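Everything below concerns the one structure shown next.
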Amino acid sequence: MDAQYRPEIIEPEAQQHWEDTQSFRATEDASRPKYYCLSMFPYPSGKLHMGHVRNYTIGDVLARYHRMKGYNVLQPMGWDAFGLPAENAALANDVAPAGWTYANIDYMRGQLKRLGLAVDWSRELATCAPNYYRWEQWLFTRLFERGLIYKKMATVNWDPVDRTVLANEQVIEGRGWRSGALVEKRDIPMYFFRITAYADELLSELDNLPGWPERVKTMQRNWIGKSFGVEIHFPLRKFSGSEVLKVFTTRADTLFGVTYVAVAAEHPLATQAAATRPELAAFIGACKQGSVAEADMATMEKKGMDTGLVVYHPLTNEPVPVFVANYVLMGYGEGAVMAVPAHDERDFAFAGKYGLPIRPVVRPVDAEPGLPLTAAYVEPGILFDSGDFSGRTSQDAIEKIALVLQNLALGKKRTTYRLRDWGISRQRYWGCPIPIVHCSRCGDVTVPEDQLPVVLPLDVKIDIGSPIKKMPSFYETTCPTCGGPAERETDTMDTFVESSWYYARYTCPDNDTAMLDERANYWLPVDQYIGGIEHAILHLLYARFFHKLMRDVDLPSRSPGSPKIDLAPTGGRSDQKSELGVKLSTSEPFTHLLTQGMVIADTYYRDLGEGRKQWINPAEVEEREGITVLKADGQPVIVGGTEKMSKSKNNGVDPQSLIDQYGADTARLFMMFAAPPEQSLEWSDAGVEGANRFLRRLWKMVYEHVEAPSPSPWLGEKELPAQLRDFRRQLHQAIAKVSDDIERRRQFNTAIAANMELMNALSRLEGEDAPTRALKQEALEAIVLMLSPIVPHICGSLIAALRPGANLTDAAWPLVDESALLRDEIELMLQVNGKLRGKIRVAVEASSATIEQAALASPDVQKFMEGRPVRKVVVVPGRLINVVV
RNA sequence: GCCCGGGUGGUGAAACUGGUAGACACAAGGGACUUAAAAUCCCUCUCCAGCAAUGGAAUACGGGUUCGAUUCCCGUCCCGGGCACCA
């Protein structure tokens with residue numbers, strides 16, 4: 001054994017060994033429990049950043065731990081390879097998106113391998129490859145035919161100068177990021193996944209996911225936003241229900257407090273009124289300025305204008321003015337809301353601004369309404385000034401009002417969802433082409449299966465706008481139905497579509513005749529999914545939706561003449577079924593979810609004017625005399641917030657130099673030790689030295705142990721002396737703790753700390769006699785095995801030194817010896833009035849009464865009782881005694 | 001603005017189910033070894049008072065529940081994530 005810890009030698013050797021022996025190749029095996037461990041695949045942005053190191057180390061620790069526990073482990077890796085940054089890079093550097101993407105994949109694959117992940121690389125996939133997105137297009141055609149995809153108009157950000165659609169991210173302070181032009185809203189046709197058809201199931205099945213963090217389930221519940229309310233119709237003419245304005249409200253009890261209704265700028269009533277009133281038309285035009293992002297809509301100044309139109313209250317027939325308001329969204333609900341300033345904060349503010357009446361109709365259950373209202377009273381309560389409904393509770397009134405409205409045919413109870421259908425059309429190039437042909441005679445026709453995939457042309461010149469929209473060789477085609485001239489759809493799909501089913505494709509990435517085969521139902525669901533908390537809603541909801549689609553929609557491939565593939569491990573069964581593909585047999589994709597906290601770093605930028613910023617990497621700045629400056633020119637930079645490491649803010653820290661200098665094990669150890677996985681982590685490389693020092697110490701300890709002359713082996717014939725018994729108890733307590741930390745608590749920092757403590761105790765153990773050596777051997781083996789999921793390279797070398805001939809890849813996790821945990825005395829804390837005053841040692845089996853007596857007799861307690869009588873004694877078994885005086 | 005988290009020494013953090021606040025590290029200071037340096041090893045290290053024994057205070061801030069609160073409840077401030085076209 002080498003006396004020195006040399007990661008630069010042992011790490012490449014270990015990685016080469018894993019590759020040569022295909023150590024992490026996963027095959028279906030019915031005889032062992034399976035464990036599918038998946039980390040969210042990376043976008044190939046160019047280089048790994050610290051968030052990746054954190055994510056993939058967590059996944060690798062769990063995968064390796066379960067392998068040691070005897071599971072058949074699958075841990076795959078791939079690339080979320082379509083997306084906007086490739087187009088941005090193409091514009092900036094004049095390279096084709098495909099070339100840029102594949103070059104990044106090659107570089108980052110090397111970096112991932114250098115991290116030493118126990119990944120089955122034979123299953124690697126990239127979503128931009130036709131053999132992947134082909135099946136996405138294929139599923140699209142099936143869903144389209146079944147009505148689960150449909151087309152409708154939707155609002156996008158439009159840059160009037162660049163004449164292009166902008167992502168929300170590309171709109172900065174209301175202006176296009178490149179042109180600086182004021183952004184407008186524009187309606188265009190788009191394809192939508194009917195995710196709302198699954199809203200109820202997506203909501204209710206959250207209750208069947210005990211392995212998900214509560215906060216993620218809460219976020220998804222709120223996002224789906226199921227609410228029970230009443231649809232209310234306001235007649236456009238007095239005493240006539242033939243033409244109505246529909247609104248939806250969860251607060252029908254406040255109906256008598258309505259003092260106006262507000263409609264969206266695009267609402268037909270607004271359009272109608274604007275025809276004769278130029279100032280209103282101008283206002284509606286102004287409403288169309290700005291981005292479509294909800295955060296922008298919600299924070300902008302609430303503005304409105306009277307249309308001059310009135311509708312009539314469905315119960316009182318009083319006229320109610322109709323306003324156009326910029327905060328009402330056409331795409332949500334009916335595009336109109338009833339406004340009750342007395343009982344809604346937003347309406348209260350709006351009414352104050354435009355001098356609209358405020359009419360309170362609900363008071364607190366146990367108080368008079370504090371009139372006049374100084375703020376909206378938004379809680380439920382008791383109705384007043386509400387006709388026949390006065391005196392009823394809010395809950396009761398909602399029911400009765402709904403019933404009366406229903407009898408008048410002016411309303412009905414309705415359940416609504418905040419969740420909207422998922423618009424997936426993108427007016428971009430670098431994405432999966434939507435497999436639709438537009439025919440002037442047949443309408444929208446899906447591309448037949450034998451013509452799939454619709455391949456995205458790669459040899460393109462990128463400037464502003466999608467090149468395939470200007471490429472007749474791509475879009476000119478014939479109609480699959482009538483054979484006449486037709487045009488291909490040139491929009492591509494949202495990249496969230498690819499990431500919604502990749503986890504399933506990993507189970508059978510080599511199948512070129514079907515989207516999925518039996519192997520999917522062997523491996524799925526994913527047992528452990530690991531990824532950033534930023535994906536808590538969108539990605540995870542879409543993936544859950546897709547899993548249900550793949551469960552419900554028939555997936556067989558009927559390509560004539562497609563070659564049969566043999567899935568049976570024994571090679572015996574190659575009937576027709578194996579060629580057909582399978583439906584998924586489960587309803588949820590991810591059994592356990594670990595949401596990693598973000599790795600965040602400071603951001604720095606320089607203002608380029610018109611809202612444009614040049615983001616500067618933290619590595620390029622330094623502090624000089626208290627001012628943050630760019631190293632290159634010494635001029636100051638602006639310090640932005642601390643945000644998640646991202647390409648767009650250029651605040652990612654490249655782990656490569658860390659790995660080059662200290663090795664992958666140090667990087668992995670340091671990352672796991674810095675904070676628990678779910679907590680966000682502000683990046684700082686202070687402490688890397690300490691992690692490296694620990695590994696050197698571990699190496700040295702094993703080296704000194706195995707190189708020491710060995711006395712005759714101890715066979716455990718005598719009882720250990722007390723000191724060794726104490727140490728052995730500590731050892732087995734540590735094994736129990738580390739197992740629990742990794743398996744249940746998912747807290748690796750404390751698992752590492754427990755091993756550090758154990759090593760500190762071990763280094764204090766003197767002597768080279770047979771029992772001491774045997775115990776040292778036992779402890780070192782346990783420590784090396786317990787650390788091996790975190791630092792696999794060094795532990796591979798160390799276990800081979802400790803157990804000649806042993807190999808880490810088939811080593812088992814150490815077992816707790818329960819008999820070593822027994823002890824006969826414990827220490828209890830003594831409190832007087834809740835303050836710590838001393839401690840006593842008592843026998844393990846001592847009764848509460850004995851303990852109480854011992855505590856009261858203790859001088860530490862006596863001193864602080866100051867002669868006062870005992871009011872109460874609280875004995876917490878195994879912990880403490882609190883004397884209350 | 002709305003939804004979801006978080007806030008503990010100089011720093012990263014620990015305290016798992018309401019029961020010893022600061023484990024384990026980093027940094028810093030002191031010492032040993034060395035011709036010297038690096039490496040390594042040992043010691044100190046929340047704040048205040050005190051020579052010390054010890055006492056008091058302290059888990060963002062203000063309140064509450066409890067014998068006992070970092071932990072539960074209410075309010076405030078600050079930081080992070082998401083808000084449907086970044087991924």
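Because the structure is predicted, anything quoted here is derived from the model rather than measured.
- For the P atoms, the distance linking G5(B) with C74(B) amounts to 12 Å, nearest Å.
- If you check C24(B), G1(B), G19(B) against the side chain of Val874(A), the one that comes closest is G19(B).
- The side chain of Thr750(A) approaches A15(B) more closely than any other nucleotide in the set A87(B), C86(B), A15(B).
- Remark: G50(B) base-pairs with no nucleotide in the shown strands. Criterion, Watson-Crick or G-U wobble with two distances under 3.5 Å.
- No donor-acceptor pair under 3.5 Å is formed between the side chain of Asn157(A) and the backbone N or O of Val165(A).
- OP1 or OP2 of U40(B) has at least one side-chain nitrogen or oxygen of Arg696(A) nearer than 4.0 Å.
- A 3.5 Å limit on both hydrogen-bonding distances identifies C83(B) as the Watson-Crick or G-U partner of G1(B).
- With G55(B), G81(B), A27(B) as the choices, the nucleotide that has an atom nearest any side-chain atom of Arg837(A) turns out to be G55(B).
- The aromatic rings of Tyr150(A) and Phe192(A) sit parallel, their planes meeting at an angle under 30°, below the 60° perpendicular limit.
- Ring geometry for Tyr542(A) versus Trp422(A): interplanar angle under 30°, hence parallel rather than tilted (30 to 60°).
- Taking syn as a glycosidic angle within 90° of 0, G62(B) does not qualify and is anti.
- When the P atom is used for both A25(B) and C43(B), the distance is 12 Å, rounded to whole Å.
- Side-chain atoms of Glu678(A) and Thr595(A), non-hydrogen and from C-beta on, do get closer than 4.5 Å to each other.
- The side chain of Arg745(A) places an N or O atom within less than 4.0 Å of a non-bridging phosphate oxygen (OP1 or OP2) of A15(B).
- When only modelled atom types and interatomic distance are considered, Thr155(A) and Lys185(A) share no side-chain donor-acceptor pair under 3.5 Å.
- Rounded to whole Å, atom C1' of C4(B) lies 14 Å from atom CG of Leu206(A).
- Here the side chain of Arg693(A) is nearest to one of C26(B), G19(B), A25(B), namely C26(B).
- When Watson-Crick and G-U wobble pairs are counted only if both distances are under 3.5 Å, A58(B) pairs with no nucleotide at all.
- Distance check on atom P: G6(B) versus C73(B) gives 11 Å, rounded to whole Å.
- Straight-line distance between the C1' atoms of A14(B) and C26(B): roughly 15 Å, to the nearest whole Å.
- Contact check, Arg215(A) against G6(B): no side-chain N or O comes under 4.0 Å of OP1 or OP2.
- Nucleotide A15(B) is matched to nothing when pairs are restricted to Watson-Crick or G-U wobble geometry with both distances under 3.5 angstrom.
- For the pair Asn222(A) and C4(B), the criterion of a side-chain N or O lying under 4.0 Å from OP1 or OP2 is met.
- Nearest nucleotide to the Phe673(A) side chain, out of C24(B), G1(B), A87(B): C24(B).
- Put simply, CG on Asn326(A) is 16 Å from P on G1(B), counting in whole angstrom units.
- Across all strands shown, A39(B) has no partner, as no Watson-Crick or G-U wobble contact with both distances under 3.5 Å is found.
- When the side-chain nitrogen and oxygen atoms of Asn168(A) are compared with OP1 and OP2 of A84(B), one or more of them lie within a distance under 4.0 Å.
- Backbone-only contact: Ala293(A) has heavy atoms under 4.0 Å from sugar-phosphate atoms and none from a base.
- With hydrogens and angles ignored, no donor-acceptor pair closer than 3.5 Å exists between the side chain of Arg871(A) and the base of C67(B).
- Across every strand in view, C26(B) sits in a pair with G10(B) that passes the Watson-Crick or G-U test at under 3.5 angstrom.
- Look at Gln747(A) and you'll find a side-chain N or O under 4.0 angstrom from OP1 or OP2 of A15(B).
- Contact annotation: Lys835(A) does not reach the phosphate of G19(B) (side-chain N/O to OP1 or OP2, under 4.0 Å).
- Arg178(A) has its side chain within reach of Ile464(A): a pair of non-hydrogen atoms, C-beta onward, lies under 4.5 Å apart.
- Between the side chains of Gln4(A) and Tyr703(A), no donor N or O sits under 3.5 Å from an acceptor N or O.
- Note on Asn882(A): a base of the nucleic acid sits closer than 4.0 angstrom, heavy atoms only.
- Residue Leu695(A) contributes atom CG, which lies 15 Å from atom C1' of C24(B) at whole-angstrom precision.
- When the nucleotides C4(B), A21(B), G81(B) are ranked by their closest atom to the side chain of Thr218(A), C4(B) comes out on top.
- Here C72(B) sits opposite G64(B) as a Watson-Crick or G-U wobble pair (both hydrogen-bonding atom distances under 3.5 Å).
- Between Phe748(A) atom CZ and C16(B) atom C1' there is a gap of 15 Å when expressed in whole angstrom units.
- Listed pair Arg420(A) / C83(B) fails the phosphate criterion, with no side-chain N or O lying under 4.0 Å from OP1 or OP2.
- As judged by a 4.0 angstrom heavy-atom cut-off over every strand, Gln679(A) is placed among residues touching the sugar-phosphate backbone only.
- With A84(B), G81(B), C24(B) as the candidates, the nucleotide lying closest to the side chain of Arg418(A) is A84(B).
- Distance from the side chain of Leu880(A) is smallest for U20(B) among the nucleotides C67(B), U20(B), C4(B).
- Counting non-hydrogen atoms under 4.0 angstrom, Leu419(A) reaches a base of the nucleic acid.
- Among the protein residues, Trp223(A) comes within range of the nucleic acid bases, having at least one heavy atom under 4.0 Å from a base atom.
- The shortest non-hydrogen separation linking Tyr56(A) to Phe41(A) is OH-C, 3.5 Å.
- In this structure, CD1 of Ile424(A) is placed 17 Å from C1' of A87(B), rounded to the nearest angstrom.
- The closest donor-acceptor contact from the side chain of Asp159(A) to the backbone of Thr164(A) lies at 3.5 Å or more, if one exists at all.
- The OH-C1' distance, from Tyr542(A) to G82(B), rounds to 12 Å in whole Å.
- Listed nucleotides: A23(B), A87(B), C67(B). Nearest to the side chain of Glu757(A): A23(B).
- Of the candidates G81(B), C24(B), G19(B), C24(B) carries the atom nearest the Ala753(A) side chain, counting heavy atoms from C-beta on.
- Listed pair Thr495(A) / A87(B) meets the phosphate criterion, a side-chain N or O lying under 4.0 Å from OP1 or OP2.
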